[in-house]
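Here's the structure, in C-alpha cells; my notes come after.
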Amino acid sequence: MNEYKEQIAIFEETCRANGLKITHQRLEIYRALLESTAHPSAETLYKELVKGIPSLSLDTVYRTLATFEDLGLVTRVQTVQSQTRYEAQVVNHHHLICDKCKKIIDFQWQGFDDISVPETVNQLGRISSKNVTLKGICTDCLAKEESEVR
Ligand SMILES: [Zn+2]
Ligand SMILES: [Zn+2]
C-alpha cells in the first residue's frame with residue numbers, strides 16, 4: 001500500500017507524539033478508513049475488519065475512532081442519519097448525500113473553496129474549515145428509477 005505511505009507515516013507520528021501505542025488493530029482500522037471511499041460507520045468497519053482480525057470487538061472500533069477523532073486523524077461526516085460515518089481523507093472536499101441509498105460521495109468544488117466567508121461570519125469567530133453538504137439522488141439511484149418507470 002505505497003499509495004498511503006505518507007498518510008501512514010503521519011498516522012504513526014501522531015500516535016507517537018500523543019503517546020498512543022500503534023497496535024495492529026489501530027493501524028488496520030486507520031488503513032481501512034484510508035482505503036475506503038464509502039465513509040463507513042463503525043459497524044460497517046467492524047464487519048469488514050473482523051474477518052481478518054477475529055479478536056476485534058465493535059467496542060474497540062468505537063473507542064479507536066473516538067481517539068482518532070480527538071487526534072484529528074479521522075473526521076466525522078455530518079449526515080442526517082443516526083449512525084455516525086467516518087473518513088480519513090485529509091484533502092479538503094465536499095459531500096453529496098444520496099437521499100435514497102444514503103451513499104456519501106466526495107467531490108471537489110474549487111469555485112466554492114476560493115470564496116471567502118462573509119464578514120458577518122468572520123465576526124462570529126475564527127473559521128477553520130468550510131464544507132458543503134449537498135443532498136440529492138445519485139446517478140445509480142437515478143438509473144434505477146429510470147428502469148423502473150419503463
Ligand atoms: Zn443513491
Ligand atoms: Zn468525504
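What you see below is based on every heavy atom in this structure, not just the backbone, and it leaves out hydrogens, waters and symmetry mates. In this chain, numbering begins with 1 at the start of the sequence shown. In listed order, ligands and their atoms are each counted from 1.
Atoms of the protein (N, O or S only) found under 2.8 Å from the Zn ion (ligand 2) are H39 NE2, E87 OE1, H93 NE2, H95 NE2, D106 OD1.
The existence of a salt bridge linking K130 and D113 is excluded, since no basic side-chain nitrogen approaches an acidic carboxylate oxygen closer than 4.0 Å. The residues E87 and R76 are annotated as not salt-bridged, no charged nitrogen and carboxylate oxygen being separated by less than 4.0 angstrom. We find that K144 and D140 are not joined by a salt bridge, their nearest charged nitrogen and carboxylate oxygen being 4.0 Å or further apart.
Here the Zn ion (ligand 1) is the vertex; the SG atom in C141 and the SG atom in C98 give an angle of 110° (to 10°). Take the Zn ion (ligand 1) as the corner point: the lines to SG of C101 and to SG of C138 open at 110°, to the nearest 10 degrees.
Side-chain contact check for T44 and S41: at least one donor-acceptor pair (N or O, by modelled atom type) lies under 3.5 Å. Using a 3.5 Å distance cut-off with no hydrogens or angles, the side chains of D106 and H95 do pair a donor with an acceptor.
Between I8 and L34 the shortest side-chain heavy-atom distance falls below 4.5 Å. Looking only at side-chain heavy atoms (C-beta outward), E28 and I53 come within less than 4.5 Å of each other.
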